[in-house]
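Step one of this worksheet: look at the structure below.
Order of appearance sets the numbers: ligands from 1, and atoms from 1 within every ligand. Quick note: numbers below take in every heavy atom, side chains included, and nothing from hydrogens, waters or symmetry partners.
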Amino acid sequence: MKFLVVGSGAREHAIAKALHESTSRPDVYAFMSNNNPGMRKICVDAVVGNTRDAKAVVEFAKKNSVEIAVIGPDAVLEAGISDALWDAGVPTVGPKKAAARLEWDKTFARNLMKRHNIEGCPKFGAFKDAEAAGKLIDELGGQVAVKPSGLTAGKGVKVVGFQLADAREAKEYCREVLSTNMGGLGEVVIEEKLIGQELTLQTFVDGKTVRGMPCVQDHKLAFEGDKGLMTGGMGSYSTGELLPFIKRDEYDKCIAIVEQVVAALSAEGIDYKGIIYGQFMLTKQGPKVVEFNARFGDPEAMNVLALLETDFAEVCRHIVAGTLADKKVVFSEQATVVKYLVPEGYPQNPAKGEKIEINEKSIARLGAEVYYASVDEKEGILYSGSSRSIAILGMADSLEQAERTCEHACSFVKGKLYHRRDIGTKALVGARVEHMRKVRGG
Ligand code: GLY
């Protein structure tokens, strides 16, 4: 078969790799926004262009007789590229614009949960007016999260006690979101602050059936010890289907919530085919929804696709055909650790255009994997872009070993880069387990 991957970050590199390694050995094509050398190496043809340009993506797909497309980035889904591909006869893993609204319009996602009485929805309100938003902030005792309704590349959410000192700063931020039209939808969502541990649960969805993947925990803050600014995600780990602080019945509850969301969309005439990424907060009262994303996570895609034992091309075929109920999806129970090497100064002033050297052979000898992200290759030399550069994955029977392998492999990447050494370590994971024990009142 012939597959097209749209996008060119490490997430899309992982998607392309999983397709390339499928037992049916499909031909993989890529439509990329930057020249990802990892994708170029495994794809039959890979071009650079505007991934939000429907005409250009469809033309490339048709020229290469692509049979299934897989879309990585949220901004591409928001641009309706899935709609254009389906209209052109190319079944696509990645929801159409109306379904991807679950991610690109937080007001829509919360109202959907409310309309259908879906569990795990925190108290919230959506506002076009800062005065009215301020009233809800006061009603919630100032303990809130402030979220621009539209897309902000994962950097728009601010929470009191973290990025905001108090209710006054929360109100000020509301005014900023609305006056600058942050997120592009002219709306801000205020939610009660959730206390607990966050986890990512990604699912395959064919419009009816939901198949869960192993839980992953991402690390959004730039520096060790969870300090610094919000980033796209500095790295993530997994420990089999469950994380050390989540119980089986809580995992099942998260899956049930996603199933209710898919049923609610379907009841409103919206067919969701692709990935639903649930960002959950595990609280004393059980899992609550932080947000939904309409795609694989980045870096979380790398954790789960590396563990997928079922043929990924087959899974994609079942998603677009709406026959996922007929397909068992199996993951290895190993542990994974992903660490991102990012340019010095990231996320504020990334050192762009700096040379990067990677000793891929030494990394492969360790059994680790390299995924290319925001980099460019010119005349065989690799340069940093303005976002995360390289992701390294370690995988092993124990988390300790996966972390050690990942960290060792990071030492074979040279350049003006930094990464978080603490991700997946016993100390950090142990602190999170202890925090959850306290939250549960234990
Ligand atoms: N890792 C966060 C995200 O993909 O949105």
| request: Quick one: sort the Phe204 and Phe312 rings into parallel, tilted or perpendicular, breaks at 30° and 60°. | output: tilted

| query | Just which atoms of ligand 1 are under 4.0 Å from any heavy atom in Pro299? | reply | 1 (N)

| note | Here the atoms of ligand 1 under 4.0 Å from any heavy atom belonging to Gly297 are 4 (O)

| Should we say atom NZ of Lys416 is surrounded by more than 12 heavy atoms from elsewhere, each under 6.0 Å from it? | no

| field | 4.0 Å heavy-atom contact, Ala301 with ligand 1 | value | no

| task | If the plane angle is over 60° it's perpendicular, under 30° parallel, otherwise tilted; pick one for His219 and Tyr237. | result | tilted

| Any donor-acceptor pair under 3.5 Å linking the side chain of Lys158 with the backbone of Ala145? | no

| message | Residue-level breakdown please: for Lys220 versus ligand 1, do any non-hydrogen atoms fall below 4.0 Å on the side chain, on the backbone, on both, or on neither? | response | side chain

| field | Proximity of Phe296 to ligand 1 by residue part, where a heavy atom lies under 4.0 Å | value | neither

| message | Keeping Arg388 on the side-chain end and Gly233 on the backbone end, is there a donor-acceptor pair under 3.5 Å? | response | yes

| query | Is any side-chain N of the basic residue among Lys426 and Glu403 closer than 4.0 Å to the acidic one's carboxylate O? | reply | no

| field | Asn293: numbered ligand 1 atoms lying under 4.0 Å from its heavy atoms | value | 5 (O)

| request: Would you please determine whether Ser236 falls within less than 4.0 Å of ligand 1 on a heavy-atom basis? | output: no

| query | What are the atoms of ligand 1, with element, lying closer than 4.0 Å to any heavy atom of Gly232? | reply | 1 (N), 2 (C)

| Got a donor-acceptor contact below 3.5 angstrom from the Thr231 side chain to the Pro347 backbone? | no

| message | For Gly233, state whether at least one heavy atom is located under 4.0 Å from any atom of ligand 1. | response | no

| field | Nitrogen or oxygen atoms of Asp218 and ligand 1 under 3.5 Å apart | value | yes

| Does any N or O atom in Arg295 lie less than 3.5 angstrom from one in ligand 1, N or O only? | yes

| Ring centres of Tyr346 and Tyr418 under 6.0 Å apart? | no

| field | Side-chain donor or acceptor of Thr203 paired with backbone N/O of Ile276 under 3.5 Å | value | yes

| message | Please work out, at 4.0 Å between heavy atoms, whether the side chain, the backbone, both, or neither of Thr200 comes within that distance of ligand 1. | response | neither

| Under-4.0 Å heavy-atom contact with ligand 1, by part of Glu300 that carries it | side chain

